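Hydrogens, waters and symmetry mates play no part in the numbers below; they use all other heavy atoms, side chains included. Residue numbers begin at 1 in each chain, while the letters A, B, ... track the order of the sequences. Model, not experiment: these values are computed from the prediction.
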Number of protein chains: 2
Amino acid sequence: MSVSAQTGPSTRTGPTSGQRGGYAKGRATQQEIIRTAILVFADVGFHGASLRDIAARVGISHPGLLHHFPNKAALLEAVLEYRDAVDEQSFQEDLERGSDYFEAMLHLVERNRLRRPLVELFAGLSTEATSPDHPAHEYFRRRYQRVLDEQSRLLRERAVRGGLAPGVDPDQAARTVVALMDGLQVQWLLSLDRPAAERVDMAADLRGYLDLILR
Amino acid sequence: MSVSAQTGPSTRTGPTSGQRGGYAKGRATQQEIIRTAILVFADVGFHGASLRDIAARVGISHPGLLHHFPNKAALLEAVLEYRDAVDEQSFQEDLERGSDYFEAMLHLVERNRLRRPLVELFAGLSTEATSPDHPAHEYFRRRYQRVLDEQSRLLRERAVRGGLAPGVDPDQAARTVVALMDGLQVQWLLSLDRPAAERVDMAADLRGYLDLILR
DNA sequence: CCTACCGATCGGTAGG
DNA sequence: CCTACCGATCGGTAGG
């Protein structure tokens with residue numbers, strides 16, 4: 001898992017394709033650090049996490065971890081980029097399979113049910129990072145800007161085609177959709193203490209709102 | 001608070017009413033610790049906060065702080081109780097002044113605009129505390145249970161009087177209202193970087209949703 | 001010269 | 001409430 005030599009020829013660019021073993025092992029270790037950091041950050045937040053804990057779970061020393069990521073903030077950045085890449089990939093694949101945008105959003109929310117650590121991570125960091133001096137502040141500021149802009153654009157497009165219920169403001173609806181997804185994550189995470197039948201169904205509740213505003 | 005010997009006859013509960021000056025100064029210090037702790041917890045979260053920092057801002061040593069609150073979790077509890085008391089008081093006063101429940105909710109959200117540290121605190125802690133071993137986990141579990149139950153009850157009452165738009169499920173709407181308030185807080189906090197005119201108006205967006213489901 | 005780390009330790013801080 | 005500390009652990013860096 002953390003040791004996969006990969007010696008064969010490769011057409012890839014970057015350090016992945018070196019001769020004599022290349023950096024493949026290093027990349028594999030980085031991936032495992034990122035996956036482990038997601039679990040730990042999700043559990044105790046960025047401030048609460050210790051590099052020693054993350055490193056120990058991976059089976060290396062914490063200076064070993066710092067060889068791959070120069071500091072804690074750099075690790076956080078890699079984690080956020082990883083999360084975005086994972087989401088963006090499956091979302092795009094969904095769109096290419098013919099889903100419309102809001103369907104793809106609902107599928108994304110449904111997939112999140114199987115990725116509790118990622119949800120915990122994102123929910124926790126997005127609130128931690130509202131502090132202007134948090135290392136992920138800029139990341140989240142830009143992320144929300146981007147997501148809200150895209151959401152507004154889509155709803156305005158629908159509005160001109162008559163796809164919005166009367167009286168619905170596209171910008172307000174965009175903020176509401178995003179807020180709803182964030183807020184439902186908290187309720188869903190808290191509901192995981194309860195039996196499966198009583199848990200919050202994030203996709204169903206989001207669909208409930210979309211049914212109110214789309215037509 | 002956790003150790004109140006209470007030997008003399010007193011009609012009041014707690015150490016507030018001692019003779020010879022009593023514990024008034026101690027209570028004042030406790031209040032200042034709580035108010036300072038709100039600022040610090042809001043800024044860096046529970047895990048990120050240090051008792052020495054809070055104590056220093058109050059002007060005491062950190063063992064001095066621990067004289068008032070036996071540990072970090074106890075301080076957090078006091079902070080949460082303080083927040084609830086503040087909110088509950090103004091909310092009830094609002095209802096007594098004749099506001100209906102949803103009006104009072106909107107007023108609460110409007111008041112939050114002037115209490116950024118409390119909003120940061122609550123937004124941050126509510127996500128931190130989704131982890132089952134977080135010291136505030138039980139508090140938030142119960143709080144959401146209570147708020148959602150009350151919200152559902154109110155919406156069901158409205159439904160039987162015909163006060164809900166057709167097709168709106170009261171339980172789902174309850175979760176949506178709560179999720180919306182939580183999610184909008186994150187967007188509002190992030191929008192504080194921007195000029196006042198571009199900031200998220202939490203009350204307006206909540207009203208937008210209520211207008212969709214109430215009638 | 002490279003990689004992938006190690007054991008030890010830096011100055012400070014955690015809760016108690 | 002203070003000073004004076006504890007066992008441990010924090011993020012980060014030294015030389016090898």
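- Counting any heavy atom pair closer than 4.0 Å across all strands shown, A:A73 reaches no nucleic acid atom.
- B:E150 has no carboxylate O lying under 4.0 Å from a charged side-chain N of B:R146, or vice versa, which leaves the two without a salt bridge.
- Each of D:dC2, D:dT13, D:dC10 was ranked by its minimum atom distance to the side chain of A:R52; first place goes to D:dC10.
- Here the P atom of nucleotide D:dG15 and the NE2 atom of A:H67 are 17 Å apart, to the nearest Å.
- Separating the CD atom of A:E32 from the P atom of C:dC5 is a distance of 10 Å, rounded to the nearest angstrom.
- Counting only heavy atoms from C-beta on, B:L66 has its side chain closest to C:dG16 among D:dC1, C:dG16, D:dT13.
- Of the candidates C:dC6, C:dA4, C:dA8, C:dA8 carries the atom nearest the A:H62 side chain, counting heavy atoms from C-beta on.
- Here the side chain of B:T29 is nearest to one of C:dC5, D:dC1, D:dG12, namely D:dC1.
- The side chain of A:S50 lies closest to D:dC10, out of D:dC10, C:dC5, C:dG15.
- The ring of B:F41 has its center no closer than 6.0 angstrom to the ring center of B:F122.
- Atom CG in A:D53 sits about 17 Å away from atom P in D:dA8, given to the nearest Å.
- For B:L76 and C:dG15, the CG to C1' distance is 15 Å, given to the nearest whole Å.
- Spacing between atom NE2 of A:H47 and atom C1' of C:dG12 amounts to 17 Å, rounded to whole angstrom units.
- Contact annotation: A:S61 side-chain N/O to C:dC5 OP1/OP2 distance is not under 4.0 Å.
- In this structure, a donor-acceptor pair under 3.5 Å is present between the side chains of B:D94 and B:S99.
- A straight line from CG of B:L65 to P of D:dC1 spans 10 Å, rounded to a whole angstrom.
- A salt bridge is absent between A:D171 and A:R175: the closest approach of a Lys/Arg side-chain nitrogen to an acidic carboxylate oxygen does not fall below 4.0 angstrom.
- Comparing D:dC1, D:dT3, D:dG12 against the side chain of B:I60 picks out D:dC1 as the nearest.
- Straight-line distance between the P atoms of D:dG12 and C:dA8: roughly 22 Å, to the nearest whole Å.
- Under 3.5 Å, the side chains of A:E96 and A:Q92 contain no donor-acceptor pair of N or O atoms.
- Comparing D:dG11 with C:dT9, their C1' atoms sit 13 Å apart, to the nearest whole Å.
- Going from atom CG of B:L51 over to atom P of C:dG16 covers 7 Å, rounded to whole Å.
- If you measure from atom CD1 of A:I54 to atom P of D:dT9, you get 16 Å, rounded to the nearest angstrom.
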